[in-house]
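Take a look at the structure below.
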Protein chains: 2
Amino acid sequence: MPRPSEPTRARIVQAASALFYNEGIRRVSVDEVAAKAGLTKRTLYYHFKSKDDLVAAYLAARDQPNLALFRTWFAEAEGGLPAKVEAIFRNLARSARHPKWKGCGFLRTSAELANMPGHPAIRIGAAHKKKFEDWLRAIFAEQGIADPLKLARQILLLLDGSFAVVQLHRDASYMETAGEAARTLIETALKKPGRKRG
Amino acid sequence: MPRPSEPTRARIVQAASALFYNEGIRRVSVDEVAAKAGLTKRTLYYHFKSKDDLVAAYLAARDQPNLALFRTWFAEAEGGLPAKVEAIFRNLARSARHPKWKGCGFLRTSAELANMPGHPAIRIGAAHKKKFEDWLRAIFAEQGIADPLKLARQILLLLDGSFAVVQLHRDASYMETAGEAARTLIETALKKPGRKRG
DNA sequence: TTGTGTATATTCACTGGTTAGTATACATAC
DNA sequence: GTATGTATACTAACCAGTGAATATACACAA
């Protein structure tokens, strides 16, 4: 049984993800994660050198799937650029209406660890947001928008703002409001001079 | 000495504010707060029935001063409506560049307590954001904007988004980017039909 | 086929430290 | 002498991380 090791590690990360996302990092003990994964704490510490390490793994595991979701929602949406971006917010609103939704795991973790700037989990969260920003920036640049980075950042601000506000008020309609704002900003940018192609 | 009681309570809230804001709720013990306030934990528990109670008092104490700051920044700014709202973001960027800045205390607390929806601190945070939203809505309504609530919510989304993003990346320039987005959204709304007066 | 060494994987039981909250007694002011 | 306020010293629980021992699988040799 020892040999594989990867399935065990993956099971631990899966258990940690569910608990950390639902309850928060500091409210969940390593023992609880181990119990949920069906093994003892000592075994968990064989696979991860510390709780911080486990937290980092939890966020790292969310990175690519999260971005892939955004890309899928964008790609599958009908209509032009504004509609495709707005579709991301509409899909997010649908997710947020699920009772188990608890906001953005990256932002919540970073908020919980706000006084530990060098923490690996915060670096992972920051990198995740940068990847999203960069993906949008490339799309906007391709469309010939004059300042694609600025527009990408404004969309990111609306996205993260809606995570925070929806979580606080438990009212997913803010996500659709954010989508409308995103549409307005993109349409304005498309009309501006300085574009490379129509 | 016993009689007054209010100054002692205020001193405790002040100590709690400094510690909770800088370090986070769960990282700070009641003993630390008491020590910072210059008294013992037992005395603190005479004035507050629990730590949760103290957390609620910490946020309640930030409510009015925070809103007053926004109102001041808005009132003292030169120019029209878009410029006055943008001034809030510029002033916030200046605050965020201070090394002790750690984001929005309301949002960070709500993120830390994300699984306790009935927690008094979360209700206080939600009410605070609603007050800000309502203040903006009234201003926009007075200016004859067609959908003042929607625009107020979009500005709120940008504001809270910038809190989250600036905290994560430690890059206050996002706040100015949010201010530009706010300006764009307001200018667009001002140009839209359906306005009551010019 | 059988024995043996080694890296991998897992467990039990423990330590040392922290923390929210309390029992009890004492002090001050009116 | 009673309300209010403060301090000392405690409890009971929790929790991150570790020491020492054990079990399994596989490589390789006999």
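Residue numbers start from 1 in every chain, and the chains themselves are labelled A, B, ... in the order their sequence lines are given, proteins ahead of strands.
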Check the distance between [N]'s [atom2] and [X]'s [atom1] and give it to me in whole angstrom.
X: A:K51; N: D:dT18; atom1: NZ; atom2: C1'; answer: 17 Å
X: B:Y45; N: C:dT19; atom1: OH; atom2: P; answer: 12 Å
X: B:I12; N: D:dT6; atom1: CD1; atom2: P; answer: 8 Å
X: A:L44; N: C:dC12; atom1: CG; atom2: P; answer: 15 Å
X: A:K49; N: D:dT18; atom1: NZ; atom2: P; answer: 10 Å

When you measure from the side-chain N and O atoms of [X] to the phosphate of [N], is any distance below 4.0 Å, counting only OP1 and OP2?
X: A:T8; N: C:dA9; value: no
X: A:H47; N: C:dT8; value: no
X: A:T43; N: C:dT10; value: no
X: B:Y46; N: D:dT6; value: no

Distance in Å, A:I155 CD1 paired with A:I186 CD1, rounded so as to fall on 0.5 Å steps:
4.0 Å
Short heteroatom pairs, N/O only, protein and nucleotides 10-13 of chain D, under 3.5 Å:
none

Once the angle between the rings of A:F70 and A:W73 is folded into 0 to 90°, is it parallel (under 30°), tilted (30 to 60°) or perpendicular (over 60°)?
perpendicular
salt_bridge([X], [Y]) N-O dist < 4.0 Å:
X: A:D134; Y: A:R137; answer: yes
X: B:R97; Y: B:E176; answer: yes
X: B:R183; Y: B:E187; answer: yes

Determine whether A:I12 and A:L39 make a side-chain contact, defined as any pair of heavy atoms from C-beta on separated by less than 4.5 Å.
yes
Only pairs with both distances under 3.5 Å count, Watson-Crick or wobble alike; so what is the partner of C:dT4 in this structure?
D:dA27
Strand partner of D:dA3, provided both Watson-Crick or wobble distances fall under 3.5 Å
none
So if I take every side-chain heavy atom of B:L39 and compare against D:dA7, C:dA20, D:dA16, which nucleotide ends up nearest?
D:dA7
Side chain of B:E32 only, heavy atoms from C-beta on: which candidate in C:dT19, C:dT11, D:dC15 is closest?
C:dT19
D:dG19 base to A:R42 side chain: any donor-acceptor pair below 3.5 Å?
yes
Carefully, step by step, assess B:K192 and B:D147 under the rule salt bridge (charged side-chain N to carboxylate O under 4.0 Å, His left out).
CA-CA 10 Å; B:K192 270 234 180 74; B:D147 194 341; over 6 Å; no
Does B:V33 reach a base, just sugar-phosphate, or nothing at all? Heavy atoms under 4.0 Å.
nothing
